[in-house]
Structures are given as C-alpha cells and as structure tokens.
S.K.: 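This structure is in structure tokens; I'll ask about it shortly.
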Amino acid sequence: MAILELVPDVYSVGSIDWNRTLFDAFIGLSKGTSYNSHFIHGSEKTALINAVDPEKEEELITHLIKLKVSHIDYLIALHTEQDHAGSIPMLLELFPAATIICTQSAKELLFHHLGVDPERCKVIADGEQLSLGNKTLEFMATPWVHWPDTMLAYCIEDKTLFSCDLFGSHYATSDLFLTDFAEGEVLAKRYFAEIMMPFRASILEYLDRLAAKEIEIIAPSHGPCIKPASHIVSLYRTWASDETENLVVIPYVSMHGSVKRMVYYLSDILIEHGISVQMYDLTTADTGDIAASLVDARTLVLGVPTMLFGPHPLAASLAFVANMIRPKTKYLGVIGSYGWGGRTAEILGELTATMQAERLDPVLIQGAPDEQAYDALDALAHVIITKHREN
Ligand code: FEO
C-alpha cells in the first residue's frame, strides 16, 4: 500500500493483502483485504492507530521509515485480534518509548495473545480524550464489534472516525476512499453478515451514540475509507434493524434428486405468490453469499437429505453457521428426504438452538416425493405466504 494522506498530518501506512482468500481459516475473501493503520503527526505527540497482520509488518515498517517516523508516543490498539495487533510486539521493540493506549480488556488480551507486557499499556476509559496537540482523539468503548476489547477513536478536529472492524469490508483496493459504492456495499454487507451480525443489538446502540458526533470520514481497519460517512451508517442501520424483506433463502443439498425436487417445488409456489427466493446448492455455494442474503431474509428453509442417521454434513454445517451469525430471520423451516429414518429434524433443531426464529413444521419424507409430500409442501408454502403477508 502506498502512503496516502487521509487528512492533513494523518497518513495511511497499512497494507493491502491482495491475494488473501481466506480469513479466520473459514471466511472466503473474493477481493482480498487490507489491514489499515494510520499514523498521526500531531503538533506535540505522535500516534499510530492499529498495526497490521504480522505477515505484513515489514510493509508497515517500510512505510514508517519512508515517512521518517523516528518516534511514536502512542500505539493505539483499538482491538487485539492479530490482523490489527499482531505486529505490536515488533513495534514495541522498535519504539521503546511508545505507550499502548487500549481498553482494560485489550490490555489483558494483548498479554494472553501476544505476550505484551501490561506495563506498556495505558488503559483509556470510554469517552476519555487524548491530546496530540493540534489533534484530539476521543475514545468510545464498543465491546463486541468485534471482540470484548474493541473501541473506536474519533478525531475531533478532523471529524474522522477510526472505526476498527466496524463499517469495514474485506476489499483490497488502491483507492484510499471508496469510489465504487455498489461494489463497496456488496462487500460491506458480506462482512457485516459474517462478522458483525451477531452483535446487531450492540451496533444499534453504538449508532445512536455516534449520531451525536459530526463524522465526515470513516476510516475502518479493513477496506477503503468512506466519505460521506452517512452512506455506510445508514446501511448499518438497515442491516442491524429487525426489519426483514419478503425473501425466503433456501440452501439445500440433494444426493439423489429428491430434495432438489422438493426445494424447486416449494420455491415455485413461493415465487408465484410474490415472494423472492434465493436458492443455494450447498455443494458449490459460497457461505459468505448465503450469510449476506440472511441479512435480509424473513424465512430460511433448509433442504436436507438424511445421511446415515442425521442431516447431511453440508446442511449441518450451514445450520451451525446460521446459528453462529444469528440472522434476524423470523421463520425457520426444514424440508428433506430420508432413507429409513434418522434424527435429522432434532439434530438441526439442536444446531440452531439459539436462533430466535419461529420453527415451522418440518416436511421430511421417505424416499422420493409423492402426492402426499407435495401436499405437505403446499401446506408449508401456504404457512410461509401467510406469515410473510402478516409482516
Ligand atoms: Fe479485523 Fe476482529 O479483526
């Protein structure tokens, strides 16, 4: 990443990871990512907001050398996950006078994850300010976006919010600011779905607090900066709200064709009654795409064959993920086919135990769908159509 000036005396010194395809050994990245780090040259003090992934620490150091940074007063660790804090131990060696500014939780996590000496940390309180001379940073504790340690930093003079993971996107681009808002929205939504959605309630609270501040620029720790800030803030308000769309998401697996016939039969009825359907074949679908569609979906219907005694592993995995990311989906259905028996519905129920969605009666049939099976699917479709109309 080239060194770019975000606002006067604030420099983007992080790294673009063009070729990363997987995050957390699970989340697929279609457009790489970036680890954004910002150096602030205040009139009295200097600060570095967040570091980078340890794989990219050489790039960060090169940028600091190019900027002729010989002294850092404050290393501001907004969050201790390794993609932002992994190179802090190296920075502490290079800048022995630097003090880490972080939350109490981050201080503990920095020690446990990276062996950082707690004596190097100064804990900052929610709402506390730090003066760099002509620039003042105000901190806002925002636990659970993404870890319990997380905080945001707002530069009062520059009206710039350093938002860490919040408002981010896995989006490698040479543009300092987002220019393609359509592509940016797709990537930010996917990021929200996989990383932020479990924390919707907290996010709404933080959005209310941020509304009291005049924010012109949002500088997240992943992806391009955003100006006007209102663009991503209003998207987050919608995504984090309880509002759903007239959409049924149907991820399915079919081993011998029965489940496929069932899901297509159900989706045809729904579409004919004005409901949008998004169908995913789990043998090829991208989990991030499914997660993004669950940001809006009113209903999730899993199409599942029974394998041995329980749900097909691909469907079980998707159920586990849906349970983990906690979408606002209001209704949850299961349809599928079994050979001789099994506990598919019960196991899926256990895997989705913390989802708030109302459970619809499952339609599980033996073997290939017959007239009775199609009648059951008609009944399920009728329930979904009625419930969607009520909403
Ligand atoms: Fe980008 Fe939670 O780290």
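As the structure lists them, so they are numbered: ligands from 1, and atoms in each ligand from 1.
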S.K.: Hey, are D242 and K330 close enough for a salt bridge, meaning a charged N less than 4.0 Å from a carboxylate O?
M.R.: no
S.K.: Quick check: are there more than 12 heavy atoms from other residues, nucleotides or ligands sitting under 6.0 Å from OH of Y265?
M.R.: yes
S.K.: Spell out the protein N/O/S atoms under 2.8 Å from atom 1 (Fe) of ligand 1 as residue plus atom name.
M.R.: D83 OD2, H84 NE2, D165 OD1, H222 NE2
S.K.: Got a sec, which residues hit side chain to side chain contact (heavy atoms under 4.5 Å, CB included) with S241, two or more places apart in sequence or on another chain?
M.R.: E243, K328
S.K.: State whether a side-chain donor-acceptor pair under 3.5 Å links N50 with Y35.
M.R.: no
S.K.: Count I, L, V, M, F, W, Y as connected when their side-chain heavy atoms are under 4.5 Å apart, and connections chain through other members. Are V145 and I232 then in the same cluster?
M.R.: yes
S.K.: Does either side chain, that of E57 or that of S87, offer a donor lying less than 3.5 Å from an acceptor on the other one?
M.R.: no
